[in-house]
Amino acid sequence: QVELVESGGGLVQAGGSLRLACAASGRTFSSGAMGWFRQAPGKEREFVIGISWSGGNTYATDSVKGRFTISRDNAKTTVYLQMNSLKPEDTALYYCAVRTATTVLSAARWYDYWGQGTQVTVSS
């Protein structure tokens, strides 16, 4: 079993930065790919960015490329999402998720465990 707990969300002005963290427990973390997803009110959950189990491969959706980066510390069983140049359209509830496989995929159905989410609000 894996438990994921997100933190670091909050209110920030457009152009600002936030760093989210996802603390994980359980064996799956060290061997599974991790992803960050987000869901805005009235919209479907969407993939944001992901990282392979080794940290050697990352994949981001086009809307956040060049602004968001993902990293993981397997020793601390934590994955981070650094968000820069935030825009009002980045406002959403952000979730981290883990797969039991090693490669990053963008579809939510491939992720096995999910956190409860942390709210990010970007004001204009």
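Numbers for residues simply follow the sequence, beginning at 1. Since we're looking at a predicted model, the values are computed, not measured.
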- Task: Could you label the plane-to-plane angle of the F37 and W114 rings as parallel, tilted or perpendicular, counting under 30° as parallel and over 60° as perpendicular?
- Result: tilted

- Query: Taking all atoms of both residues into account, what is the closest heavy-atom pair of R38 and A92, and its distance?
  - Reply: CB-CB, 3.7 Å

- Hphob cluster co-occupancy, L105 + L81, side-chain heavy atoms under 4.5 angstrom: no

- Query: If you measure from CE on M34 to SG on C22, what distance do you get to the nearest 0.5 Å?
  - Reply: 4.0 Å

- Task: Measure the shortest side-chain to side-chain distance between I70 and W36 over non-hydrogen atoms and say whether it is less than 4.5 angstrom.
- Result: yes

- Message: Could you report the tightest heavy-atom contact between T102 and W53, atom names first, then the distance?
- Response: CB-CD1, 2.9 Å

- Query: Does D62 come within less than 4.0 Å of K65, counting only side-chain N to carboxylate O?
  - Reply: yes

- Message: To the nearest 0.5 Å, what is the distance between OG on S85 and CZ on R67?
- Response: 7.0 Å

- If you look at every heavy atom in T91 and Q119, which pair is closest and at what distance? CG2-NE2, 4.0 Å

- Side chain of T77, backbone of A24: donor and acceptor closer than 3.5 Å? yes

- Query: So is R45 actually on top of Y95's ring, under 6.0 Å and inside 45° of the axis?
  - Reply: yes

- Calculate, to the nearest 0.5 Å, the distance between atoms OG1 and CG belonging to T100 and D112 respectively. 4.0 Å

- Task: Return yes if a side-chain donor-acceptor contact under 3.5 Å exists between T78 and D73, otherwise no.
- Result: no

- Going by distance alone, is a donor N or O of one side chain under 3.5 Å from an acceptor N or O of the other, for T103 and R99? yes

- Any link between M83 and V79 through a network of hydrophobic side chains (Ile, Leu, Val, Met, Phe, Trp, Tyr) touching at under 4.5 Å? yes

- For the pair F68 and Y94, name the ring-plane relationship: parallel under 30°, tilted 30 to 60°, perpendicular over 60°. tilted

- Would V64 end up clustered with L86 when hydrophobic side chains under 4.5 Å apart are linked, directly or stepwise? yes

- Flag if over 12 foreign heavy atoms under 6.0 Å of CD, Q116: no

- Task: Following the transitive rule for hydrophobic clusters with a side-chain heavy-atom cut-off under 4.5 Å over Ile, Leu, Val, Met, Phe, Trp and Tyr, establish whether I49 and L4 coincide in one cluster.
- Result: yes

- Query: How far apart are the closest heavy atoms of R72 and A33, and which atoms are they?
  - Reply: NH1-CA, 4.0 Å

